[in-house]
Amino acid sequence: LERELLADLDKMRCRVMSVRQEIAAIEQQDFGRDSLSYLTQQSGMFSLLPLNQTQEIALTQEHGIHVVKGGRVNVARLSSDDMPTLIRAFHAVTAKTA
């Protein structure tokens, strides 16, 4: 049972690491920017986006993306389809309210 648990945890850890790398790759490829590349150096299910309170509110109200106060976003739940939407919304709110 312990081996199964450790294997499952390793699988999830690798998936989250892959999500982080994919976010950075998509941002670079589709948007020509690397402002989220720092995510590849982090670990865990959540990351902090560099957002102020106005940008957090705009992300939720204008793009339907909920972040916890402080810009905390759950990267573990993101699918490949979600990533471009998140990146596009991030750039929209940071450009508008910078």
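Remember, it's a predicted structure, so these values are computed and weren't measured experimentally. Throughout, residue positions are numbered sequentially from 1 according to the sequence presented. Only heavy atoms go into these numbers, but all of them, side chains included; no hydrogens, no water, no symmetry mates.
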Heavy-atom side-chain proximity of [X] to [Y] below 4.5 angstrom:
| X | Y | answer |
| --- | --- | --- |
| Leu36 | Phe90 | yes |
| Ser43 | Met17 | no |
| Phe31 | Ile87 | yes |
| Thr94 | Leu51 | yes |
| Ile57 | Gln53 | yes |
| Leu78 | Ile23 | yes |

ILVMFWY cluster, Met83 and Leu48 together (side-chain gap under 4.5 Å): no
Between [atom1] on residue [X] and [atom2] on residue [Y], distance to nearest 0.5 Å:
| X | Y | atom1 | atom2 | value |
| --- | --- | --- | --- | --- |
| Arg33 | Gln28 | CZ | CD | 10.5 Å |
| Leu49 | Glu56 | CG | CD | 9.0 Å |
| His91 | Asp30 | NE2 | CG | 10.0 Å |
| Leu9 | Glu4 | CG | CD | 12.0 Å |

Met12 vs Asp8, side chain to side chain contact (heavy atoms under 4.5 Å, CB included): CA-CA, chis, key distance, verdict: CA-CA 6 Å; Met12 187 59 173; Asp8 287 345; over 6 Å; no
Set of residues satisfying ring-ring contact (aromatic ring centres under 6.0 Å, His included) with respect to Tyr38, sequence neighbours excluded: none
Any idea which heavy atoms bring [X] and [Y] closest together, and the distance?
| X | Y | value |
| --- | --- | --- |
| Val19 | Val75 | CG1-O, 3.4 Å |
| Thr40 | Ala24 | CG2-CB, 3.7 Å |
| Ala76 | Arg15 | O-NH1, 2.8 Å |

Check: Ser47/Arg20 side-chain N/O donor and acceptor closer than 3.5 Å: yes
Under the side-chain hydrogen bond (donor to acceptor under 3.5 Å, both in side chains) test, residues paired with Asp82 that sit two or more places apart: Ser79
Salt bridge flag under 4.0 Å for residues Asp10 and Arg13: yes
Residue pairs involving residues 58-70 (criterion side chain to side chain donor-acceptor pair (under 3.5 Å); sequence neighbours excluded): Glu62-Lys96
CA sep, side-chain torsions, deciding dist, call: Ser37, Glu27, side-chain hydrogen bond (donor to acceptor under 3.5 Å, both in side chains): CA-CA 8 Å; Ser37 64; Glu27 184 189 32; 5.9 Å; no
